[in-house]
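A short write-up of the structure that comes next.
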Amino acid sequence: MASSSSSGLTFKLHPLVIVNISDHYTRVKSQMNSPLTSTSSSATVNNNSNGVEHHQQAHRVYGCVIGVQRGRTVEIFNSFELLYDPSTHSLDRSFLEKKQELYKKVFPHFYILGWYSTGSDAEESDMHIHKALMDINESPLYVLLNPAINHAQKDLPVTIYESELHIIDGIPQLIFVRSSYTIETVEAERISVDHVAHLKPSDGGSAATQLAAHLTGIHSAIKMLNSRIRVLHHSLVGMQKGDLPCENSLLRQVSSLLRRLPAIESEKFQDDFLMEYNDTLLITYLAMFTNCSSTMNELVDKFNTAYDRHGRRGGRTAFI
């Protein structure tokens, strides 16, 4: 397998594709781990020497990725699932054609760009599926999602492969080569991804956990903003020293941005800010007093109830 592609294509991957593949794999894995499936899988392993291989293969999922290609830019918008036959190591072609026809009615401008699967790396059997799709797309791409959790990995566990014809030992062979890509989003996808990221856990979660997740998101946003400001400052310093060419369009955008900053240092802004800050503190103090009063009332009620029961026996009166 070659290290990188030399086709010169630019790939843009939308988050919806990653969510679809992850959801597909999660559903298949949960079905495979059900008690009924586990029992039948154990019987298959005991009766067939190839049972282990079949069980591992069943956890992989397959599907097609669709999108558009404009010149040298390939944009992957969506995906749909496919049926895989492990006995023949091939996809259900009739099911693929039916899904393609349905998607053509809804998305007439989208075309099948390639296929996807799950796993840690591309396998030799993947090339058979890849070649089978070449009559639909003469140069299909292969999107591979690695479902294994690696906390040390910072990048997305998604790899895009292209196929190139290389001469190996005097024989021309198709091999997979890695291609770089960028994440492209539209407004609807950003809202959806943000909603999914802020969903509550299945057990309801605690307020502290939700607050920590919210503060973590704010910290990440501020950290990203700080890094971009550093890049911008480095570029401006390089232009000032003459190390970088002067870009007037960039300087105009920076100047427009800086003209907004003095508004934050105005006297009116300080007065409004202090008023908002004092109002927030006042509301916080009132909430604290209300909470203390409620706790005190509960304590008094319990105390009166206890002394009322005791007073009936000993003749004592209530505390309040």
Side-chain angles (χ1 to χ4, degrees), residues 1-26 60-82 91 96 100 103 107 109-127 129-134 136-166 174-194 196-197 220-221 223-224 227-228 231:
M1 181 183 298
S3 58
S4 60
S5 172
S6 59
S7 64
L9 294 176
T10 301
F11 293 98
K12 295 181 179 180
L13 182 64
H14 284 253
L16 180 59
V17 180
I18 304 176
V19 174
N20 286 344
I21 301 175
S22 178
D23 175 70
H24 188 189
Y25 174 80
T26 303
R60 297 191 68 187
V61 296
Y62 301 86
C64 271
V65 292
I66 59 177
V68 296
Q69 181 173 356
R70 303 182 183 93
R72 308 297 296 174
T73 302
V74 179
E75 195 164 357
I76 310 172
F77 282 95
N78 204 343
S79 64
F80 58 86
E81 304 172 11
L82 291 178
L91 301 174
L96 168 60
Q100 183 183 8
Y103 267 84
F107 306 103
H109 302 293
F110 286 1
Y111 297 93
I112 292 181
L113 301 176
W115 63 291
Y116 72 79
S117 182
T118 55
S120 58
D121 201 358
E123 301 179 1
E124 294 183 3
S125 58
D126 295 340
M127 184 56 70
I129 303 176
H130 196 79
K131 292 179 179 179
L133 295 176
M134 285 186 172
I136 300 177
N137 190 321
E138 61 180 10
S139 181
L141 56 91
Y142 176 25
V143 180
L144 182 66
L145 173 67
N146 186 4
I149 299 176
N150 185 5
H151 297 285
Q153 184 178 1
K154 301 299 181 181
D155 299 331
L156 289 173
V158 178
T159 307
I160 295 181
Y161 294 99
E162 293 182 81
S163 58
E164 291 185 354
L165 188 63
H166 286 216
L174 278 176
I175 62 172
F176 287 119
V177 291
R178 295 176 181 266
S179 299
S180 59
Y181 64 91
T182 57
I183 299 297
E184 186 78 10
T185 59
V186 295
E187 186 65 25
E189 287 179 322
R190 284 193 289 269
I191 295 174
S192 301
V193 172
D194 183 72
V196 172
S220 301
K223 185 178 179 181
M224 178 63 69
S227 64
R228 294 185 177 182
V231 171

Indicate yes or no: at least one non-hydrogen side-chain atom of Leu174 is less than 4.5 angstrom from one of Met127. yes
Using side-chain heavy atoms (C-beta onward) and a distance below 4.5 Å, is Ile21 in contact with Val158? no
To the nearest 0.5 Å, tell me how far [X] [atom1] sits from [Y] [atom2].
| X | Y | atom1 | atom2 | answer |
| --- | --- | --- | --- | --- |
| Leu165 | Ser139 | CG | OG | 11.5 Å |
| Asn146 | Leu156 | CG | CG | 12.0 Å |
| Leu13 | Ile18 | CG | CD1 | 4.5 Å |
| Leu145 | Tyr25 | CG | OH | 9.0 Å |
| Ser179 | Leu9 | OG | CG | 7.5 Å |
| Leu144 | Asp126 | CG | CG | 7.5 Å |

Just distance, no hydrogens or angles: give the donor-acceptor pairs under 3.5 Å from side chains in residues 63-72, sequence neighbours left out.
from  : atom 1 : to    : atom 2 : distance (Å)
Gln69 : NE2    : Gly71 : O      : 3.3
Arg70 : NH1    : Glu75 : OE1    : 3.2
Arg72 : NH2    : Ser7  : O      : 2.3

Glu81/Val61 under side chain to side chain contact (heavy atoms under 4.5 Å, CB included): CA gap, chis, key distance, verdict: CA-CA 8 Å; Glu81 304 172 11; Val61 296; over 6 Å; no
Would you please test Tyr181 and Phe11 for ring-ring contact (aromatic ring centres under 6.0 Å, His included) and show each step? CA-CA 5 Å; Tyr181 64 91; Phe11 293 98; 8.6 Å; no
Looking at [Y], is its backbone amide N or carbonyl O close enough to the side chain of [X] to form a donor-acceptor pair, meaning the two atoms are under 3.5 Å apart?
| X | Y | result |
| --- | --- | --- |
| Asp23 | Asn20 | no |
| Ser227 | Met224 | yes |
| Asn137 | Ile112 | yes |
| Ser163 | Ile175 | no |

Any idea which heavy atoms bring [X] and [Y] closest together, and the distance?
| X | Y | value |
| --- | --- | --- |
| Pro147 | Thr118 | CD-CB, 4.2 Å |
| Tyr142 | Ala122 | CE2-CB, 4.0 Å |
| His14 | Thr185 | ND1-CA, 4.3 Å |

Look at the rings of His24 and Tyr116 and say which category their plane angle falls in: under 30° parallel, 30 to 60° tilted, over 60° perpendicular. perpendicular
For Trp115 and His130, take the angle between the two ring planes, folded into 0 to 90°, and tell me which bin it lands in: parallel under 30, tilted 30 to 60, perpendicular over 60. tilted
Using a cut-off of 6.0 Å, state whether more than 12 heavy atoms not belonging to Phe110 lie near its atom CZ. yes
